[in-house]
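Report on one structure; see the data block that follows.
Because the structure is a prediction, the values reported are computed rather than measured.
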Amino acid sequence: MQIQRVPLASLKFWPNNARKHGPINHEAIKGALLRFGQAEPLVVQASRKQVSGGNGRLAAMRELAWTECDVVELEIDDAKATALGLALNRTSELASWDEPVLAEILKQLDAKGELAGVGFSHDDLGELLDRLQDDG
């Protein structure tokens with residue numbers, strides 16, 4: 001796998017992207033980018049310069065006025081690019097959280113002032129702790 005730095009303007013969104021990024025998710029993506037920078041490359045179909053994995057990050061980067069990003073270009077046809085885009089989104093969706101472990105991690109980050117940019121708010125932490133207490 002070779003990572004390349006490319007102009008954002010050279011990349012195209014996946015036109016049939018079935019994954020939607022609502023305002024809360026979009027802000028979480030922007031928060032992570034602002035705090036951590038680009039921690040993983042976008043996955044791009046080389047022939048079309050079309051993003052198969054990372055459309056939400058591409059949108060957030062453009063909104064943040066970034067001009068370049070890291071990508072991995074794959075020589076794949078349209079059908080494989082579409083299938084890969086679905087797989088990248090779906091596999092993360094099928095995972096679940098170990099909520100007691102998550103709660104402990106979030107409490108530790110919160111105590112250190114490190115909760116920003118991880119996609120969980122103080123309210124999320126409170127709701128998680130309440131749910132765990134109700135279940136226990």
Side-chain angles (χ1 to χ4, degrees):
M1 176 171 26
Q2 185 175 6
I3 297 173
Q4 305 173 55
R5 191 122 185 109
V6 301
L8 281 181
S10 70
L11 300 175
K12 299 174 189 155
F13 289 101
W14 179 22
N16 295 323
N17 189 4
R19 173 65 99 190
K20 301 298 178 199
H21 299 281
I24 293 171
N25 180 242
H26 186 71
E27 289 303 313
I29 294 169
K30 282 180 19 185
L33 288 170
L34 286 170
R35 178 162 183 205
F36 304 110
Q38 186 182 0
E40 61 182 325
L42 304 181
V43 179
V44 175
Q45 182 186 14
S47 63
R48 297 184 181 269
K49 302 295 186 213
Q50 189 167 280
V51 175
S52 292
N55 284 273
R57 284 179 284 143
L58 176 59
M61 289 173 185
R62 286 184 174 171
E63 188 173 316
L64 292 169
W66 289 17
T67 58
E68 297 180 322
C69 72
D70 294 329
V71 303
V72 170
E73 289 188 348
L74 301 177
E75 297 289 344
I76 53 178
D77 64 25
D78 292 347
K80 281 195 172 94
T82 298
L84 176 60
L86 290 173
L88 292 172
N89 283 294
R90 182 66 173 151
T91 53
S92 66
E93 185 177 79
L94 293 173
S96 62
W97 294 103
D98 180 324
E99 289 191 336
V101 172
L102 175 62
E104 189 57 38
I105 292 168
L106 293 175
K107 285 192 302 188
Q108 291 172 9
L109 289 173
D110 191 35
K112 294 177 182 178
E114 296 288 335
L115 200 54
V118 299
F120 290 93
S121 68
H122 293 284
D123 289 344
D124 294 329
L125 175 56
E127 290 172 15
L128 176 58
L129 293 172
D130 288 346
R131 187 169 57 253
L132 289 173
Q133 186 176 18
D134 290 344
D135 291 345

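Contact detail for L33 and A60: the closest heavy-atom pair is CD1-CB, 3.7 Å. Contact detail for C69 and M61: the closest heavy-atom pair is CB-SD, 3.6 Å. Minimum interatomic distance between I76 and A81 (heavy atoms only, all atoms of both residues): CD1-CA, 3.5 Å. Residues H26 and H21 approach most closely at CB-O, 4.5 Å, considering heavy atoms. In terms of heavy-atom proximity, G119 sits nearest to A28 at CA-CB, 4.1 Å. Closest approach of K49 to S10, counting heavy atoms only: CB-O, 3.3 Å.
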Next on the checklist: side-chain hydrogen bond (donor to acceptor under 3.5 Å, both in side chains) for Q45 and D78? Distances and angles first, verdict last.
Outcome noted: CA-CA 8 Å; Q45 182 186 14; D78 292 347; 2.9 Å; yes
Next on the checklist: Applying side chain to side chain contact (heavy atoms under 4.5 Å, CB included) to L11 and V71, what does each step give before you reach the verdict?
Outcome noted: CA-CA 10 Å; L11 300 175; V71 303; 4.0 Å; yes
Checklist entry - So V51 and V43, side chain to side chain contact (heavy atoms under 4.5 Å, CB included) or not? Walk me through it. => result CA-CA 6 Å; V51 175; V43 179; over 6 Å; no
Item to check | L102 and D98: CA distance, side-chain angles, deciding distance, side chain to side chain contact (heavy atoms under 4.5 Å, CB included) verdict | outcome: CA-CA 6 Å; L102 175 62; D98 180 324; over 6 Å; no
Next on the checklist: Test side chain to side chain contact (heavy atoms under 4.5 Å, CB included) on V72 and V44; report intermediate values, then the result.
Outcome noted: CA-CA 6 Å; V72 170; V44 175; over 6 Å; no
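Of the possible donor and acceptor atoms, one in the side chain of R62 sits under 3.5 Å from a partner among the backbone N and O of L8. Under the 3.5 Å distance criterion, the side-chain polar atoms of N55 are matched with a main-chain donor or acceptor of W14. Checked by atom type and distance alone, the side chain of R48 never pairs as donor or acceptor with a backbone atom of K12 at under 3.5 Å. Side-chain N or O atoms of N17 include none that pairs as donor or acceptor with a backbone N or O of F13 at under 3.5 Å. Judged by distance alone, with hydrogens and angles left aside, the side-chain atoms of D134 form no donor-acceptor pair with the main-chain N or O of R131 at under 3.5 Å.
Side-chain atoms of I29 and N25, non-hydrogen and from C-beta on, do get closer than 4.5 Å to each other. With contacts defined as side-chain heavy-atom distances shorter than 4.5 Å, the pair D110/F120 does not qualify. Proximity of R19 to S92: side-chain heavy atoms (C-beta onward) are separated by under 4.5 Å at one or more points. Residues Q38 and R5 meet the side-chain proximity criterion, which asks for heavy atoms closer than 4.5 Å. At a threshold of 4.5 Å between non-hydrogen side-chain atoms, the residues E99 and L128 count as touching. In this structure the side chain of E68 never reaches within 4.5 angstrom of the side chain of V6, judged on heavy atoms. Residues K107 and L129 form a side-chain contact, since some pair of their non-hydrogen atoms from C-beta on lies under 4.5 Å apart.
Heavy atoms from other residues, nucleotides or ligands lying under 6.0 Å from CD of E93 number more than 12.
In terms of hydrophobic clustering, with Ile, Leu, Val, Met, Phe, Trp and Tyr side chains grouped at heavy-atom distances under 4.5 Å, L42 and M1 are assigned to different clusters. Under the 4.5 Å side-chain heavy-atom criterion for grouping Ile, Leu, Val, Met, Phe, Trp and Tyr, L125 is not connected to I24 through any hydrophobic cluster.
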